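One structure below.
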Number of protein chains: 2
Amino acid sequence: MAERASESEMQVLNALWDEAPLTATDLARRIGKANGWTLATVKTLIARLVQKGAVTAEADGRRYLYRPAVDRAEAMGEESQRFVDRLFGGRVSPMIAHLAEREALTDADIEEIEALLRRLKS
Amino acid sequence: MAERASESEMQVLNALWDEAPLTATDLARRIGKANGWTLATVKTLIARLVQKGAVTAEADGRRYLYRPAVDRAEAMGEESQRFVDRLFGGRVSPMIAHLAEREALTDADIEEIEALLRRLKS
DNA sequence: GTTGATTGACTACATTTGTAATCGAAGCAG
DNA sequence: CTGCTTCGATTACAAATGTAGTCAATCAAC
């Protein structure tokens, strides 16, 4: 299952879910700048993820190609569950309500969620 | 604004949002058992929250009455926002989809969310 | 071939977090 | 009063996390 990734580590995982394989340098280019991380920092994060078994490293010459070793949907589902449990006692609707109140939901979001729910009910 | 509370600290905050004021012993009774924390641990968490300005302490004789100093809705909204940003690039519907797939949504949840959305649209 | 850039491995180190023990003051039981 | 009990304050300490630096090997370019 791999231990939980920290928030920073998640950024790396997310990048790899968007596209893999990537090298350390690729990753640094993609997420380093935005987070103000140096290449060294990104490397550390990668190393920790590999150690945790959340990312695999395939040798390619003298460097490595990294790939996510955990399923994106599953990891996200687990995280979401934990989160909703923690903040809302497991109840999703209060969370949506809060997001809505903060105007974090666009009309398009609402449409999308409604469509999703319709599908769920059938 | 208060710095972010850690996960454990959130448990304390949550308890205080449910009912306040409470003493350290009260809090330990409410959340200590469930989390396997001793009174000492709970006290540490409280102290850290006070230091962060997320909880206020009002002297009452030789002990203190603790109260949340941050607004529940606001804190939850912020946390939710951060979370959704982090895991889903700010998009709520994918998150709901994931929760639904994991069967984390009951029929009642779905009903409730639909009702909520109906209200939002009007 | 020698030099400069690149790469992973290893090391570093402060901060935050989880989890608690200890200690001195203050209140309570008798 | 006198000893137990109860508080908050202080201190402890390991693990996780954020953020990097250093180093030796290697590859690429002259």
Side-chain angles (χ1 to χ4, degrees), chain A residues 1-16 20-67 69 79 82-83 86-87, chain B residues 1-16 20-67 69 79 82-83 86-87:
Chain A
M1 202 84 358
E3 299 138 74
R4 283 172 42 68
S6 76
E7 270 184 45
S8 300
E9 287 160 8
M10 268 306 245
Q11 303 267 335
V12 175
L13 256 187
N14 260 313
L16 286 175
L22 291 176
T23 67
T25 309
D26 290 339
L27 280 166
R29 260 192 256 295
R30 306 213 172 192
I31 61 171
K33 194 69 73 176
N35 292 92
W37 294 333
T38 67
L39 173 60
T41 299
V42 174
K43 281 181 181 178
T44 299
L45 294 176
I46 294 170
R48 286 180 184 163
L49 283 168
V50 170
Q51 197 148 27
K52 290 183 181 178
V55 162
T56 59
E58 177 203 348
D60 170 47
R62 82 201 167 98
R63 66 224 169 111
Y64 286 97
L65 298 179
Y66 300 102
R67 289 189 177 80
E79 284 289 311
R82 276 176 49 81
F83 177 78
R86 181 159 70 80
L87 245 78
Chain B
M1 204 85 353
E3 298 140 75
R4 283 172 43 69
S6 77
E7 272 185 43
S8 300
E9 288 161 7
M10 268 305 239
Q11 303 268 331
V12 174
L13 255 186
N14 260 311
L16 286 175
L22 293 175
T23 67
T25 311
D26 290 339
L27 280 165
R29 259 193 256 295
R30 307 216 171 189
I31 61 171
K33 194 69 74 174
N35 292 93
W37 294 333
T38 67
L39 173 60
T41 299
V42 174
K43 282 180 180 176
T44 300
L45 295 175
I46 295 170
R48 287 180 183 164
L49 283 167
V50 170
Q51 198 148 26
K52 290 182 182 179
V55 163
T56 60
E58 177 203 347
D60 170 45
R62 80 200 170 99
R63 68 220 165 116
Y64 285 97
L65 298 179
Y66 300 103
R67 288 191 177 77
E79 284 288 311
R82 276 175 50 81
F83 177 79
R86 181 158 70 82
L87 245 78

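Note that the structure is a prediction, hence the values are computed from the model and not measured. So you know, we letter chains A, B, ... as the sequences are listed, proteins then strands, and number each from 1.
- Nearest to the side chain of B:T38, among D:dT17, C:dA20, C:dG27, sits C:dA20.
- At least one side-chain heavy atom of B:T23 sits less than 4.5 Å from a side-chain heavy atom of B:L65.
- For the pair B:K43 NZ and C:dG18 P, the computed distance is 19 Å after rounding to whole Å.
- As a whole-Å value, the separation of A:E7 CD from C:dT15 C1' is 15 Å.
- Taking atom CD of residue A:Q51 and atom P of nucleotide D:dA15, one finds them 14 Å apart after rounding to whole Å.
- Where B:Y66 and A:G36 each meet DNA chain D at their nearest nucleotide, the meeting point lying more 5' is that of B:Y66.
- Between B:D60 atom CG and D:dT6 atom C1' the separation is 14 Å, expressed in whole Å.
- Near DNA chain D, meaning a heavy atom under 4.0 Å from it, residues 24-34 of chain B has B:A24, B:T25 in order of number.
- Nucleotide D:dG18 holds its P atom 7 Å from the CD atom of A:E9, rounded to whole Å.
- One interatomic measurement links the two molecules: CD1 of A:I46 to C1' of C:dC10, which rounds to 16 Å at whole-angstrom precision.
- Within 6.0 Å of atom CZ in A:R67, more than 12 heavy atoms from other residues, nucleotides or ligands are found, so the atom counts as buried in its surroundings.
- Backbone-only engagement by A:S8 is indicated by non-hydrogen atom pairs under 4.0 Å involving sugar-phosphate atoms exclusively.
- The backbone N or O of B:R86 sits less than 3.5 Å from a side-chain atom of A:N14, completing a donor-acceptor pair.
- Within a 6.0 Å radius of CD in B:E7, more than 12 heavy atoms belonging to other residues, nucleotides or ligands are found.
- Nearest to the side chain of A:A40, among C:dA20, D:dG21, C:dA12, sits D:dG21.
- A:T44 and A:T41 form no side-chain donor-acceptor contact under 3.5 Å, judged by distance and modelled atom types alone.
- Considering only side-chain atoms of A:R63, the nucleotide from C:dA20, C:dG8, D:dG8 that sits closest is C:dG8.
- Nearest nucleotide to the side chain of B:Y64, out of C:dG8, D:dA9, C:dA20: D:dA9.
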Step by step, work out the side chain to side chain contact (heavy atoms under 4.5 Å, CB included) result for B:L45 and B:W37. CA-CA 10 Å; B:L45 295 175; B:W37 294 333; 3.6 Å; yes
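- In this entry the distance linking CG of A:L65 with C1' of C:dG8 reads 13 Å, nearest Å.
- Within the 4.0 angstrom heavy-atom criterion, base atoms lie near A:R62.
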As a quick check of understanding, evaluate side chain to side chain contact (heavy atoms under 4.5 Å, CB included) for A:R4 and A:E79, giving each step before the final call. CA-CA 9 Å; A:R4 283 172 42 68; A:E79 284 289 311; 2.4 Å; yes
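- Residue B:T44 places no side-chain N or O under 4.0 Å from the OP1 or OP2 atom of C:dA20.
- If you measure from atom CZ of A:R48 to atom P of C:dG8, you get 17 Å, rounded to the nearest angstrom.
- No engagement by B:G61 is indicated, since no non-hydrogen atom pair under 4.0 Å with the nucleic acid exists.
- Here B:S6 lies in heavy-atom contact (under 4.0 Å) with sugar-phosphate atoms only.
- The minimum heavy-atom distance between B:Y66 and B:I46, with the atom names listed, is CE2-CG2, 3.4 Å.
- OP1 or OP2 of D:dA20 lies within a sub-4.0 Å distance of a side-chain N or O belonging to A:T41.
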